[in-house]
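The block underneath contains the structure these notes are about, expressed in structure tokens.
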Amino acid sequence: QVFLVESRGGLVQAGGSLRLSCAASGRTFSSYTMGWFRQGPGKEREFVASITSGGWSTKYADSVKGRFTISRDNAKNTVYLQMNSLKPEDTAVYYCAARQIALSEAIPAATERDFGSWGQGTQVTVSS
């Protein structure tokens with residue numbers, strides 16, 4: 001199991017940008033598919049983006065496609081979520097998640113139950 005720590009989120013105006021990072025413990029970070037999920041006020045937790053262990057393939061929720069970018073630096077055991085053109089509906093607690101894999105995935109997992117390790121979450125608030 002890997003221990004995940006997200007960077008601090010923050011308050012940003014609509015149309016602004018914010019980058020989240022998630023640092024992972026351990027020496028096998030490159031054996032994990034990584035993902036970002038979020039839970040808005042009064043809502044279920046939902047998928048945002050995921051990336052394969054080597055970073056060659058990504059997947060996005062339709063609601064963030066074209067605005068958010070997930071990336072990773074395996075040398076730094078860190079995954080990032082660059083969020084641009086933020087909207088008030090992006091307000092949520094954002095969670096980093098890790099899925100340990102035996103074989104590299106062609107398409108990264110995107111379902112909550114596929115991820116076994118979770119960060120504590122970080123609040124992102126977008127004001128209108």
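- Among pairs with a residue in residues 73-94, none fulfils ring pair (Phe, Tyr, Trp, His ring centres under 6.0 Å), at least two apart in sequence or across chains.
- Side chains of V79 and I70 form a contact here, defined as non-hydrogen atoms less than 4.5 Å apart.
- Between R67 and D90, some side-chain heavy-atom pair lies under the 4.5 Å cut-off.
- Of all heavy-atom pairs between C96 and M34, the closest is SG-CE, 3.6 Å.
- In this structure, the side chains of F68 and L81 come closer than 4.5 Å at one or more pairs of heavy atoms.
- Scanning for ring pair (Phe, Tyr, Trp, His ring centres under 6.0 Å) contacts around W56 gives an empty result, with sequence neighbours left out.
- The backbone N or O of G121 lies less than 3.5 Å from a partner atom in the side chain of E6, making a donor-acceptor pair.
- In the model, E105 has no side-chain atom that pairs as donor or acceptor with a side-chain atom of T52 under 3.5 Å.
- At a threshold of 4.5 Å between side-chain heavy atoms, the hydrophobic network of Ile, Leu, Val, Met, Phe, Trp and Tyr places Y95 and V48 in two separate groups.
- Of the inter-residue distances, the one linking T91 atom OG1 with K43 atom NZ reads 9.0 Å to the nearest 0.5 angstrom.
- Side-chain contact, T78 with D73: no donor N or O sits under 3.5 Å from an acceptor N or O.
- Residues S25 and V2 share a closest heavy-atom pair of O-CG2, 3.0 Å.
- In this structure the side chain of I51 never reaches within 4.5 angstrom of the side chain of S57, judged on heavy atoms.
- The two atoms that bring S53 and S31 nearest to each other are CB-C, 4.4 Å, heavy atoms only.
- Not counting sequence neighbours, E89 has no partner by the salt bridge (Lys or Arg N to Asp or Glu O under 4.0 Å) test.
- Annotation for I107: atom CD1 does not count as buried by contact number, only 12 or fewer foreign heavy atoms lying within 6.0 Å.
- Contact between T33 and P108 at its shortest, heavy atoms only, is CG2-CB, 3.9 Å.
- Here the SG-CZ distance, from C22 to R72, works out to 10.0 Å after rounding to the nearest 0.5 Å.
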Item to complete: Go through the steps to decide whether F37 and F115 satisfy the test ring pair (Phe, Tyr, Trp, His ring centres under 6.0 Å), and finish with yes or no.
Response: CA-CA 10 Å; F37 291 76; F115 291 81; 5.3 Å; yes

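- Of all non-hydrogen atoms in G9 and V124, the two that sit nearest each other are CA-CG2, 4.3 Å.
- Taking the side chain as every heavy atom from C-beta outward, T122 and V93 never approach each other to under 4.5 Å.
- Note on V12: it clusters hydrophobically with W36, by side-chain heavy-atom contacts below 4.5 Å among ILVMFWY residues.
- Geometrically, R99 does not engage Y32 in a cation-pi contact, judged by NZ or CZ lying under 6.0 Å from the ring centre and within 45° of the ring axis.
- Side-chain N or O atoms of S117 include none that pairs as donor or acceptor with a backbone N or O of A97 at under 3.5 Å.
- Note: S21 OG to Q82 CD = 11.0 Å, rounded to the nearest 0.5 Å.
- Side-chain contact between W118 and E112 is present, with at least one heavy-atom pair separated by less than 4.5 Å.
- For the pair D62 and K65, the salt-bridge criterion is met [side-chain N within less than 4.0 Å of a carboxylate O].
- Listed here is the closest heavy atom pair of S50 and A109: OG-O, 2.7 Å.
- At least one side-chain heavy atom of S63 sits less than 4.5 Å from a side-chain heavy atom of R38.
- Looking at S17, its side chain never comes within 3.5 Å of a backbone N or O of N84 through a donor-acceptor pair.
- More than 12 heavy atoms of other shown residues, nucleotides or ligands fall within 6.0 angstrom of atom CD in Q120.
- F47 places a side-chain heavy atom less than 4.5 Å from the side chain of K59.
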